[in-house]
Amino acid sequence: MKKAIRSFSCALALALTAGMFAACGEYKRPDSGNEVTKTDYTINFNLPATTKAEIKVIIPDKETEKKIIDAAIEGFNQKYPLITVTKNYLTIDSYNTTIQRQAQAGSLAEVIWCDSTNYYYLVSNSIALNLDEFYEQGEAAGQFDYDADFTSDFRKSGTFDGVPYAVPRSIDSVVTFYNKDVLTKAGVDLNPETTVVKNGWTWEDFLSVCEQVRAYYVKQGNTNFYPLDANLGWEAVSWPVIKSLGGEVINEEGEFALTQEVAGKVYDFVQDLVERDLIPGAGEKNGVSFESGTGGLLFQSTTIDHYETMALLQGKFDIVSFPLINGENSAIGYGFAGYALNAAAVKDQTKLDAAAAFINYLISYDGQQKVAKDGGLTLPSGRTDLSAETPDANWHGTYGDRFNVSAYTYGSEYKVTQDFLGYVNPTFSTKLISAMNTYVNSYCIRESKDRAYTMFKGAVEDVFNSVVQ
């Protein structure tokens with residue numbers, strides 16, 4: 001695999017030097033100390049309201065993000081009416097290509113949308129500005145108190161090896177959606193004082209609820225109904241399963257790292273769900289779905305309003321934290337969406353100051369309230385003064401006490417993202433994630449234990465070797 005990484009490093013170097021040849025050695029990861037260094041720059045955090053500037057922000061070509069960024073621009077321009085913010089667009093499928101092409105041409109926006117997967121591309125190619133100075137200078141200027149104003153989820157989002165490269169505009173965590181009507185009919189105790197369905201519940205408690213729902217389905221004659229939509233083919237679930245059981249996928253040397261011993265635990269974990277008839281086995285189809293109002297439980301990170309606007313679910317569901325699989329070693333999947341500053345902006349002080357001011361507004365109290373109220377952003381804020389317990393926080397304020405919104409923010413110490421992607425060339429990311437998801441959601445269901453492991457390991461090796469000429 002080291003050979004594959006070296007080979008791809010050559011190809012990447014050629015692509016990023018705009019026609020100039022570069023020496024090819026070991027692939028240098030973002031934490032190697034060579035590619036990512038602390039850039040010296042100064043930001044004026046006390047820009048006068050009369051500041052004139054033009055900056056660009058590049059975002060996905062999606063209506064949801066357009067609405068969010070339009071709200072942010074509107075709020076920002078109330079403070080800085082003479083700073084023009086222009087929107088550019090990209091598609092997620094062409095993220096790396098678009099960013100690379102525009103960076104080479106010198107036309108890339110000063111503010112770059114990213115999320116917890118593709119920001120590695122910005123980091124490894126030195127496109128994202130090291131934000132240490134941004135936070136240090138902003139704190140010195142009295143704009144925020146980094147430790148006090150932002151949650152631990154915020155502070156670890158958009159970082160690699162302890163260095164921040166992106167600011168999260170929102171943070172999403174995998175939670176358990178459950179249909180209250182279905183669980184009640186199944187005899188599950190939902191009394192807040194006595195129920196096991198609460199934040200921090202154990203995997204064993206979770207299984208007991210699933211088994212009650214399954215027994216209810218069978219009693220009704222619906223043997224093809226399975227209580228859990230586990231979303232095992234989604235990295236926000238498959239990775240926490242592997243991580244909770246003590247596994248790694250890629251180590252710091254960029255090599256496949258899941259041992260056969262831990263793989264056996266992952267396999268047994270998935271098979272246990274199948275054998276208990278909580279999820280469909282190979283070739284079996286689930287006759288229910290959460291969105292149809294007939295499914296019992298679902299692992300998902302979407303917003304409450306996504307389902308609350310559906311007639312079949314309105315007022316009939318709630319959320320609780322993702323169950324803890326393995327005590328203090330448990331993992332809960334989470335991610336962020338946010339923005340990075342283009343490192344090239346340091347060449348133009350006016351644009352750097354304006355772009356930093358825009359980022360600063362996005363993570364301010366007013367900015368977060370604005371994008372929630374007018375931008376429709378109903379995912380958790382990373383600000384401590386806009387927590388799940390803050391009644392007037394716009395991201396959840398309309399729900400009142402009807403939903404357990406603290407499920408989204410529970411268990412920061414358990415939160416994990418696919419940080420192993422930082423140890424390989426980011427071009428591998430999509431295929432590696434696909435291989436991991438297929439392993440947990442398919443191989444562990446339909447193959448033997450040994451074959452499932454062999455197929456996963458082979459798929460990862462194929463990803464690395466795919467660039468070898």
Side-chain angles (χ1 to χ4, degrees), residues 26-43 112 114-141 143-173 235-236 239-240 243 248-255 257 328-343 345-346 356 359-360 362-363 380-384 409 411-426 428-429 432:
E26 283 287 335
Y27 171 64
K28 297 177 180 178
R29 300 182 304 277
D31 64 333
S32 66
N34 294 320
E35 295 68 37
V36 179
T37 57
K38 188 172 181 179
T39 304
D40 291 326
Y41 56 87
T42 301
I43 295 172
I112 308 166
C114 57
D115 63 17
S116 48
T117 296
N118 55 39
Y119 87 98
Y120 289 113
Y121 183 83
L122 305 179
V123 176
S124 65
N125 289 292
S126 299
I127 294 172
L129 184 65
N130 180 327
L131 296 179
D132 275 331
E133 291 287 351
F134 170 86
Y135 285 121
E136 289 174 12
Q137 294 176 32
E139 190 167 48
Q143 294 295 312
F144 45 73
D145 183 321
Y146 184 68
D147 291 326
D149 291 347
F150 303 114
T151 65
S152 59
D153 286 350
F154 178 100
R155 296 196 304 272
K156 66 183 180 181
S157 296
T159 67
F160 188 80
D161 199 30
V163 179
Y165 296 98
V167 297
R169 58 113 167 105
S170 61
I171 299 165
D172 58 289
S173 298
E235 59 272 18
W239 172 231
K243 190 75 171 174
E248 297 290 342
V249 174
I250 305 295
N251 62 23
E252 293 185 2
E253 299 304 317
E255 301 167 328
E328 63 183 18
N329 296 316
S330 296
I332 298 175
Y334 94 107
F336 79 92
Y339 298 90
L341 284 176
N342 186 348
V346 300
I359 289 290
N360 188 34
L362 274 170
I363 61 175
S381 169
R383 292 191 60 90
T384 56
T409 57
S412 293
E413 66 272 30
Y414 303 114
K415 303 290 181 67
V416 297
T417 60
Q418 299 78 48
D419 53 357
F420 60 83
L421 294 176
Y423 299 124
V424 296
N425 197 285
F428 293 145
S429 297
L432 286 175

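- Judged purely by atom type and a 3.5 angstrom limit, E248 has no side-chain atom pairing as donor or acceptor with the backbone of A257.
- Judged as a ring-ring contact (aromatic ring centres under 6.0 Å, His included), and not counting sequence neighbours, Y41 has no contacts.
- A donor-acceptor pair is defined here as one N or O able to donate and one able to accept, closer than 3.5 Å; such a pair exists between the side chain of D149 and the backbone of D145.
- Considering all non-hydrogen atoms of both residues, Y146 and E139 come closest at N-OE2, 2.9 Å.
- When every heavy atom of S429 is checked against every heavy atom of P426, the shortest pair comes out as OG-O, 2.9 Å.
- Two residues are said to be in side-chain contact when any heavy atoms from C-beta on lie closer than 4.5 Å; L131 and V167 meet this criterion.
- Contact detail for P380 and T409: the closest heavy-atom pair is CB-CG2, 4.1 Å.
- The backbone N or O of S412 lies less than 3.5 Å from a partner atom in the side chain of K156, making a donor-acceptor pair.
- Under the ring-ring contact (aromatic ring centres under 6.0 Å, His included) criterion, Y414 pairs with no residue, sequence neighbours left out.
- Checked by atom type and distance alone, the side chain of N118 never pairs as donor or acceptor with a backbone atom of C114 at under 3.5 Å.
- N251 places a side-chain N or O within donor-acceptor distance of the main-chain N or O of E253, the cut-off being under 3.5 Å.
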Problem - Test side-chain contact (heavy atoms from CB on, under 4.5 Å) applied to R383 and F154, step by step - result: CA-CA 8 Å; R383 292 191 60 90; F154 178 100; over 6 Å; no

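- Separation of atoms NZ (K243) and CD1 (I332) is listed at 14.0 Å; rounding is to 0.5 Å.
- When all heavy atoms of T417 and W239 are compared, the closest pair comes out as O-NE1, 2.8 Å.
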Problem - side-chain contact (heavy atoms from CB on, under 4.5 Å) between Y334 and S157, intermediate numbers included - result: CA-CA 9 Å; Y334 94 107; S157 296; 3.4 Å; yes

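- Using a 30° and 60° split on the angle between ring planes, Y135 and F144 fall in the perpendicular class, above 60°.
- In this structure, Q143 and N360 approach most closely via the heavy-atom pair OE1-ND2, 2.9 Å.
- Here CG of D419 is found 11.5 Å from CD1 of I250. Values are rounded to the nearest 0.5 Å.
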Practice task
Tell me, with the steps shown, if F428 and Y423 meet ring-ring contact (aromatic ring centres under 6.0 Å, His included).
Solution key: CA-CA 10 Å; F428 293 145; Y423 299 124; over 10 Å; no

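- Here the CD1-CG distance, from I43 to L341, works out to 6.5 Å after rounding to the nearest 0.5 Å.
- Residues satisfying the ring-ring contact (aromatic ring centres under 6.0 Å, His included) criterion with F336, sequence neighbours excluded, are Y119.
- Here the side chain of T384 pairs a donor or acceptor atom with the backbone of A148 at under 3.5 angstrom.
- For Y120 and F420, the distance between ring centers is not under 6.0 angstrom.
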Exercise for the section: Tell me, with the steps shown, if Y339 and L362 meet side-chain contact (heavy atoms from CB on, under 4.5 Å). Expected result: CA-CA 9 Å; Y339 298 90; L362 274 170; 3.6 Å; yes

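- Formation of a donor-acceptor pair under 3.5 Å by the T159 side chain with backbone atoms of G162 is not found in this model.
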Exercise for the section: Given side-chain contact (heavy atoms from CB on, under 4.5 Å), test L122 with I112 step by step and report yes or no. Expected result: CA-CA 9 Å; L122 305 179; I112 308 166; 4.1 Å; yes

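- Residues N425 and S124 form no side-chain contact, since every pair of their non-hydrogen atoms from C-beta on lies 4.5 Å or further apart.
- The nearest pair of heavy atoms linking E133 to D40 is OE2-OD1, 4.2 Å.
- Atom CD of E328 has 12 or fewer neighbouring heavy atoms from other residues, nucleotides or ligands inside a 6.0 Å radius.
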